[in-house]
Amino acid sequence: MGTRGPIGQPDNVRALRGNPGGRRAPGRVTASPGVPDVPDWLEDEARAEWARIVPDLDRLGVLAKVDRAALATYCAAWSKFVAAEQLLQSDDLVAERRAGNGPAKNPAWQIWREAATTVAALAKELFITPNARLRSVKPEGDDDDPGDGILD
């Protein structure tokens, strides 16, 4: 079961607001930054997604070598999502059943839904969504942000 209650405040927000309750700030688990190697087994669409997002995630300083599995899973799910979407666009949304019992939902919908769920969940974990980036904490030593000091 996941952690209960609201998502905790990022460290930068906690620093701006102060600590009126006097509770100790939680310790953060960190990994040394680095860009993981792209797996050889990824399909072309997954490799294209890897090439699209990895440079930005590296620039943000949120990638570590240990993120390879999560990133590969995200890219593979993205590839399946694109393939299912293309299949649904080229085919009817409903298909005839083999037994002739009338129309049924196209089986590609299940693939599309499962891939979309995986993509959405991992996008949050990899800071790809705007909401995840708003809740993230800027890595230490990253002082070249043009918006730095905007709340000062």
Side-chain angles (χ1 to χ4, degrees), residues 1-21 23-91 93-94 105-152:
M1 188 158 124
T3 305
R4 301 183 97 163
I7 296 174
Q9 293 178 349
D11 292 340
N12 54 354
V13 173
R14 184 184 295 271
L16 285 171
R17 291 184 178 169
N19 191 5
R23 290 187 298 266
R24 201 171 55 116
R28 304 288 184 202
V29 176
T30 59
S32 56
V35 177
D37 298 326
V38 61
D40 297 334
W41 50 266
L42 283 180
E43 297 174 346
D44 291 340
E45 182 64 36
R47 285 178 175 275
E49 182 67 2
W50 184 290
R52 186 184 72 83
I53 64 171
V54 165
D56 286 336
L57 293 175
D58 184 39
R59 184 183 52 78
L60 291 172
V62 297
L63 276 184
K65 295 254 184 204
V66 297
D67 297 330
R68 183 176 189 240
L71 192 56
T73 303
Y74 167 81
C75 291
W78 172 258
S79 177
K80 300 293 184 256
F81 173 80
V82 170
E85 178 66 28
Q86 290 171 344
L87 183 61
L88 287 169
Q89 288 178 6
S90 66
D91 202 4
L93 298 179
V94 292
K105 178 172 53 173
N106 190 322
W109 274 113
Q110 181 70 22
I111 298 167
W112 184 93
R113 184 174 52 248
E114 289 176 4
T117 301
T118 303
V119 166
L122 287 172
K124 285 189 256 180
E125 296 294 324
L126 294 168
F127 301 104
I128 297 172
T129 64
N131 190 26
R133 285 191 301 277
L134 287 174
R135 293 183 178 275
S136 68
V137 178
K138 184 176 167 184
E140 293 180 17
D142 189 11
D143 296 330
D144 60 348
D145 185 10
D148 195 26
I150 198 165
L151 297 177
D152 293 341

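Scored by the side chain to side chain contact (heavy atoms under 4.5 Å, CB included) test, Leu87 finds Ser90, Ala108 as partners (sequence neighbours excluded). Take Arg113 and apply the salt bridge (Lys or Arg N to Asp or Glu O under 4.0 Å) test, not counting sequence neighbours, and it matches no residue. Shown here are the side chain to side chain contact (heavy atoms under 4.5 Å, CB included) partners of Pro107, two or more places apart in sequence or in another chain: there are none. A search for side chain to side chain contact (heavy atoms under 4.5 Å, CB included) contacts involving Glu85 returns Gln89, Trp112, not counting sequence neighbours. Every residue two or more places apart in sequence or in another chain that forms a side chain to side chain contact (heavy atoms under 4.5 Å, CB included) with Asp67 is listed here: Leu63, Ala64.
The line from CD1 of Ile128 to CG of Leu57 is 5.5 Å long, rounded to the nearest 0.5 Å.
Residues Ala72 and Leu42 share a closest heavy-atom pair of O-CD2, 3.9 Å. Leu126 and Ala70 make their closest contact through CD1-O, 4.1 Å (heavy atoms, listed as atom of the first residue, atom of the second, distance). When all heavy atoms of Ala77 and Ala115 are compared, the closest pair comes out as O-CB, 3.5 Å. Closest non-hydrogen pair, Pro36 versus Trp50, comes out as O-CZ2, 3.4 Å. Residues Asp37 and Arg68 share a closest heavy-atom pair of O-NE, 2.9 Å.
Counting only residues at least two apart or in different chains, side chain to side chain donor-acceptor pair (under 3.5 Å) contacts with residues 74-83 comprise Glu43-Ser79, Glu43-Lys80, Glu45-Trp78, Glu49-Tyr74.
The closest donor-acceptor contact from the side chain of Lys65 to the backbone of Val35 lies under 3.5 Å. For Arg47 (side chain) and Pro39 (main-chain N/O), a donor-acceptor pair under 3.5 Å exists by modelled atom type.
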(message) Test side-chain contact (heavy atoms from CB on, under 4.5 Å) on Ile53 and Leu71; report intermediate values, then the result.
(response) CA-CA 10 Å; Ile53 64 171; Leu71 192 56; 3.6 Å; yes
